[in-house]
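Presented below is the structure to which this report refers.
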Amino acid sequence: MGSKRALHYVLKVGNRGQTARFYRELLGMKVLRHEEFEEGCKATCNGPYDGKWSKTMIGYGSEDSHFVVELTYNYGVGQYRVGNDFLGITIQSSQAVQHARQMKWLLAELPGGLFEVVAPGGYTFYLEDKDQPKTDPVRRVALAVSDLQKSLHYWSSLLGMKIYSKDETKKNALLGYGDNQCKLELQDIGGPVDHGTAFGRIAFACPKDELPNIEAKMKKENQKILTPLVSLDTPGKATVQVVILADPDGHEICFVGDEAFQELSQTDPTADKLLNDAMDADKSAEWFAKHSRQKPSA
């Protein structure tokens with residue numbers, strides 16, 4: 001279990017300006033990396049799209065020790081349909097609660113010192129009204145499942161996650177690869193999981209040598225492999241190897257070789273400027289407005 005670690009969750013966004021404001025100003029995250037691509041990813045990192053896209057890694061610190069968010073932007077898509085698959089990310093940060101109030105962002109108070117806030121694109125975040133820790137404040141990612149027992153078998157028995165807690169009454173469970181890592185919460189919703197067109201992907205790192213074993217185990221267990229072991233290139237950066245899986249409800253799971261990923265994921269001090277420059281240079285919304293058309297929805 002100790003050889004694997006949680007890295008990030010992928011969210012597709014249609015408006016980078018509004019999105020950047022939410023993550024930077026409200027949540028208080030920092031842009032760690034920003035990369036532009038001229039064509040679609042062969043591991044469908046940007047979804048089933050072939051055109052120009054960008055990837056922005058944003059969080060409270062490097063993926064070596066923090067769980068971060070990957071914001072994927074396809075230049076030709078203005079909006080995605082959110083399903084019931086992604087149930088939210090929980091962050092411990094009274095500072096974010098204060099920022100939300102200052103920005104007059106809609107903030108719903110829940111029992112137990114918890115606040116709910118919705119990011120552009122319709123993605124839910126839960127804020128614990130406690131001082132932000134010096135360690136990673138991202139506590140857990142919650143995903144919907146249709147059969148908790150089936151999902152626990154997959155994530156724990158097959159993928160080796162430790163079950164930290166299980167509530168039979170609430171039909172949920174908390175799992176993880178380490179005590180000090182962001183946890184995965186599985187919530188049984190008692191029905192089908194709908195991924196919409198905004199469907200995300202959760203990523204974990206493991207030693208490169210474990211990737212063929214993960215793929216072989218899933219084949220043996222007749223589990224779905226979306227992308228067999230493949231190498232992914234990032235211009236000017238390290239080439240990483242990944243295997244992309246799907247759990248019983250279709251949640252996409254990426255396992256990436258840790259050795260190359262640690263090189264790829266180094267924080268770029270120019271990342272914030274790169275994102276700003278890309279947003280300034282993006283005239284796609286203006287083009288559609290000029291032609292009296294709306295940017296297509298996925």
Side-chain angles (χ1 to χ4, degrees), residues 7-24 29-59 63 68-83 86 119-123 195-203 226-228 230-244 252 254 256 260-261 263-298:
L7 296 177
H8 59 255
Y9 193 84
V10 180
L11 296 174
K12 297 184 183 70
V13 301
N15 186 311
R16 280 190 299 190
Q18 293 177 3
T19 297
R21 180 170 179 258
F22 175 85
Y23 288 89
R24 290 193 286 203
M29 291 182 172
K30 296 178 181 179
V31 180
L32 307 172
R33 287 184 284 133
H34 178 79
E35 295 149 2
E36 295 278 330
F37 301 87
E38 293 300 320
E39 58 185 23
C41 171
K42 58 185 176 181
T44 63
C45 308
N46 61 314
Y49 308 101
D50 295 328
K52 185 176 180 180
W53 65 289
S54 74
K55 174 170 67 178
T56 305
M57 310 304 296
I58 193 162
E63 280 174 280
V68 310
V69 178
E70 177 179 321
L71 302 172
T72 297
Y73 172 74
N74 290 290
Y75 277 76
V77 182
Q79 187 175 345
Y80 300 89
R81 183 178 68 82
V82 176
F86 174 76
Y123 304 113
H195 295 274
T197 58
F199 61 91
R201 175 182 290 176
I202 192 165
L226 297 175
T227 304
V230 65
S231 295
L232 300 180
D233 298 323
T234 299
K237 296 186 178 180
T239 296
V240 298
Q241 290 187 310
V242 304
V243 172
I244 314 291
E252 295 192 2
C254 174
V256 56
F261 184 79
E263 181 183 342
L264 171 69
S265 64
Q266 292 297 308
T267 300
D268 181 354
T270 69
D272 209 55
K273 182 178 185 301
L274 289 174
L275 173 59
N276 289 338
D277 289 347
M279 291 192 295
D280 289 342
D282 181 6
K283 306 301 181 186
S284 58
E286 293 177 19
W287 186 92
F288 282 102
K290 182 179 178 181
H291 293 80
S292 301
R293 293 168 56 188
Q294 283 193 333
K295 208 170 186 182
S297 297

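These numbers come from a predicted model, not from an experiment. Keep in mind that the numbers below use all heavy atoms, side chains included, and drop hydrogens, waters and symmetry copies. Count residues from 1 along the sequence.
Looking at residues two or more places apart in sequence or on another chain, you find a side chain to side chain donor-acceptor pair (under 3.5 Å) between D272 and R24. Applying the side-chain contact (heavy atoms from CB on, under 4.5 Å) test to Q241 and every residue at least two apart in sequence or in another chain returns K208, L211, L229, S231. Among residues two or more places apart in sequence or in another chain, the salt bridge (Lys or Arg N to Asp or Glu O under 4.0 Å) test is passed with E35 by R33, K55, K237. Checked against side chain to side chain donor-acceptor pair (under 3.5 Å), T239 has the following partners two or more places apart in sequence or in another chain: D233. Taking T56 as the reference, H34 meet the side chain to side chain donor-acceptor pair (under 3.5 Å) condition, with sequence neighbours excluded. Shown here are the salt bridge (Lys or Arg N to Asp or Glu O under 4.0 Å) partners of D50, two or more places apart in sequence or in another chain: there are none. The side chain to side chain donor-acceptor pair (under 3.5 Å) check on E252 picks up R201, with sequence neighbours excluded. Not a single salt bridge (Lys or Arg N to Asp or Glu O under 4.0 Å) links D268 to another residue, sequence neighbours left out. By the side-chain contact (heavy atoms from CB on, under 4.5 Å) test, T19 is found to be paired with V13, Y23, L71, P120, residues two or more places apart in sequence or in another chain being considered. Partners of V82 under the side-chain contact (heavy atoms from CB on, under 4.5 Å) rule, at least two apart in sequence or in another chain, are Y123, A198. Applying the salt bridge (Lys or Arg N to Asp or Glu O under 4.0 Å) criterion to E70, with sequence neighbours excluded, gives no partner residue.
Note that CD1 of I58 is 11.0 Å distant from CG of L11, once rounded to the nearest 0.5 Å. Atom NZ of K52 sits about 12.0 Å away from atom CG of N74, to the nearest 0.5 Å.
Taking the side chain as every heavy atom from C-beta outward, F37 and N46 never approach each other to under 4.5 Å. Here the side chains of V68 and L7 are not in contact, with every heavy-atom distance at 4.5 Å or above. Within the 4.5 Å cutoff, the side chain of Y73 has no heavy atoms near those of the L275 side chain. When side chains are defined from C-beta on, K12 counts as touching F199, because their heavy atoms get closer than 4.5 Å.
Every pair passing salt bridge (Lys or Arg N to Asp or Glu O under 4.0 Å) that includes a residue from residues 72-83 is listed here, sequence neighbours excluded: R81-D194.
Nearest heavy atoms, R16 versus S54: NH1-OG, 3.0 Å.
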Step-by-step side-chain contact (heavy atoms from CB on, under 4.5 Å) determination, Y9 to I202: CA-CA 4 Å; Y9 193 84; I202 192 165; 3.7 Å; yes
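Of the possible donor and acceptor atoms, one in the side chain of W53 sits under 3.5 Å from a partner among the backbone N and O of E39.
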